[in-house]
Amino acid sequence: MTYARNVWYVAGWEMDLAVDTPMAITILNQPLVIWRDGAGDVHALEDRCVHRHAPLSLGRCEGANLRCMYHGLLFGPDGVVSEIPGQEKIPPQARVRAYPVMVRHSWIWVWMGDPSLADVALIPPAVGYDDGDYILGHGQLDYDAPARLINDNLLDFSHLTYVHAASFQAGPVFAQSLPVIEPLARGVRISRWTQNTPAQRARSAPELYDNYMCYDFLLPGVLLMWSASYAVGTAVALDFGVPDKGAALTGLNHTSQAVTPMSDGTARYFFNWGPHRAHGDVAMRDGMMALAAQAFAEDKVMIEAQAKVIARDPSRPIMPTAHDRAVTLFNRLVERMVAQEA
Ligand code: FES
Ligand SMILES: [Fe+2]
């Protein structure tokens with residue numbers, strides 16, 4: 001299973017990264033140590049001391065530097081060793097790989113490919129706590145399954161009817177209708193109107209709406225979605241086009257989600273969700289996060305079980321259905337990138 005490298009991967013939540021406290025995460029089988037220094041700058045190095053391969057994540061922050069706490073080599077944020085206790089001369093190979101790292105939209109992003117190609121403009125426009133319009137909660141979930149399977153899951157919401165029968169309660173009509181799918185330069189846009197139905201998360205309420213949802217699924221595995229409820233008739237009035245967020249009657253909300261491949265068979269799933277300030281409050285946010293916890297646990301059960309079945313014989317081909325169009329488009333995009341990088 002292969003993934004693009006010249007992309008930004010989410011490594012964690014910036015608020016979980018305390019000053020002077022190294023954090024370890026493996027991305028694409030590369031162990032990384034990430035830390036924030038007293039000046040607020042965030043750095044990422046290979047988590048393997050050049051001396052005798054102790055993890056630098058067990059090290060100590062000293063200003064902008066990180067000291068290996070086995071025998072005391074001192075690493076700069078560029079990965080170059082500046083001090084070897086008991087030895088004057090620093091050999092040229094006394095260095096580890098440094099990774100470009102950025103903090104944006106509440107996430108720590110690491111560039112896993114060629115550092116000279118790292119471009120901040122390629123960070124997906126997620127909505128984090130820096131956006132005051134939404135009241136967000138956040139969480140993360142570790143998977144014993146390849147990231148690729150989680151991406152596939154997020155690119156085909158027909159599973160809402162089945163996997164999430166208990167949580168999201170999308171109903172059979174949802175899986176029977178196909179969304180609108182548009183290829184994007186760096187992903188896929190998936191949108192749909194559901195006419196004359198109760199609002200999302202209020203399935204038993206008597207009021208009916210035209211409900212709209214739209215998400216971009218972007219490289220390397222980032223989902224950015226908003227949805228809202230409109231007056232019945234809006235979908236037809238707009239000829240099933242894109243509505244104005246400001247015209248929503250109720251339920252305007254946003255979620256940002258990121259899937260990071262840790263090893264070939266493990267992944268970390270990061271997510272936030274919450275209502276627009278004009279459409280909800282902290283209590284609503286907490287209700288949504290509880291629903292998300294239930295729903296994402298449902299996904300995890302299915303995807304981890306699926307991963308075990310696939311691992312028994314990975315050579316067997318899948319059989320795509322009409323709902324797999326976005327899955328296929330996105331995976332082709334990844335395959336093209338991987339081929340270009342090779
Ligand atoms: S292993 Fe890091 S200083 Fe020895
Ligand atoms: Fe799901």
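Counting starts at 1 for both ligands and their atoms, in listed order.
The ligand atoms of ligand 1 that sit less than 4.0 angstrom from a heavy atom of Ala54 are 1 (S). Atoms of ligand 1 found under 4.0 Å from any heavy atom of Gly72, numbered from 1 in the order shown, are 3 (S). Near Cys49, with a cut-off below 4.0 Å to any heavy atom, the atoms of ligand 1 are 1 (S), 2 (Fe), 3 (S). Of all atoms in ligand 1, numbered sequentially from 1 with element shown, those under 4.0 Å from a heavy atom of Cys68 are 1 (S), 2 (Fe), 3 (S). Using a 4.0 Å cut-off to heavy atoms of Tyr70, the atoms of ligand 1 that qualify are 1 (S), 4 (Fe).
Residue-and-atom listing of protein N/O/S atoms under 2.8 Å from the Fe ion (ligand 2), sorted by chain and number: His159 NE2, His164 NE2, Asp299 OD1, Asp299 OD2.
Formation of a donor-acceptor pair under 3.5 Å by the Ser106 side chain with backbone atoms of Tyr129 is found in this model. Using modelled atom types, one side-chain atom of Glu341 and one backbone atom of Arg5 make a donor-acceptor pair closer than 3.5 Å.
Atom 4 (Fe) of ligand 1 is closest to atom ND1 of His71 (considering only N, O or S atoms). Residue-level check: among N/O/S atoms of His51, ND1 sits closest to atom 4 (Fe) of ligand 1.
Separation of atoms CZ (Phe240) and CZ (Arg192) is listed at 12.5 Å; rounding is to 0.5 Å. A distance of 11.5 Å separates CG of Asn331 from CZ of Arg336, quoted to the nearest 0.5 Å. Atom-to-atom distance recorded for Arg67:CZ and Phe75:CZ is 10.5 Å, nearest 0.5 angstrom. With values rounded to the nearest 0.5 angstrom, Asp142 atom CG is found 7.0 Å from Lys300 atom NZ.
Under the 4.5 Å side-chain criterion, counting only non-hydrogen atoms from C-beta, Ser227 is in contact with Asn253.
Protein heavy atom in closest approach to atom 1 (S) of ligand 1: Arg52 N, 3.3 Å.
We find that Arg189 and Asp216 are joined by a salt bridge, their nearest charged nitrogen and carboxylate oxygen being less than 4.0 Å apart. Between Arg148 and Asp152 there is a salt bridge, since at least one side-chain N of the basic residue sits less than 4.0 Å from a carboxylate O of the acidic one.
The distance between the ring centers of His43 and Trp35 falls below 6.0 angstrom.
At a threshold of 2.8 Å, atom 2 (Fe) of ligand 1 has no backbone or side-chain N, O or S atom of His53 nearer than that distance.
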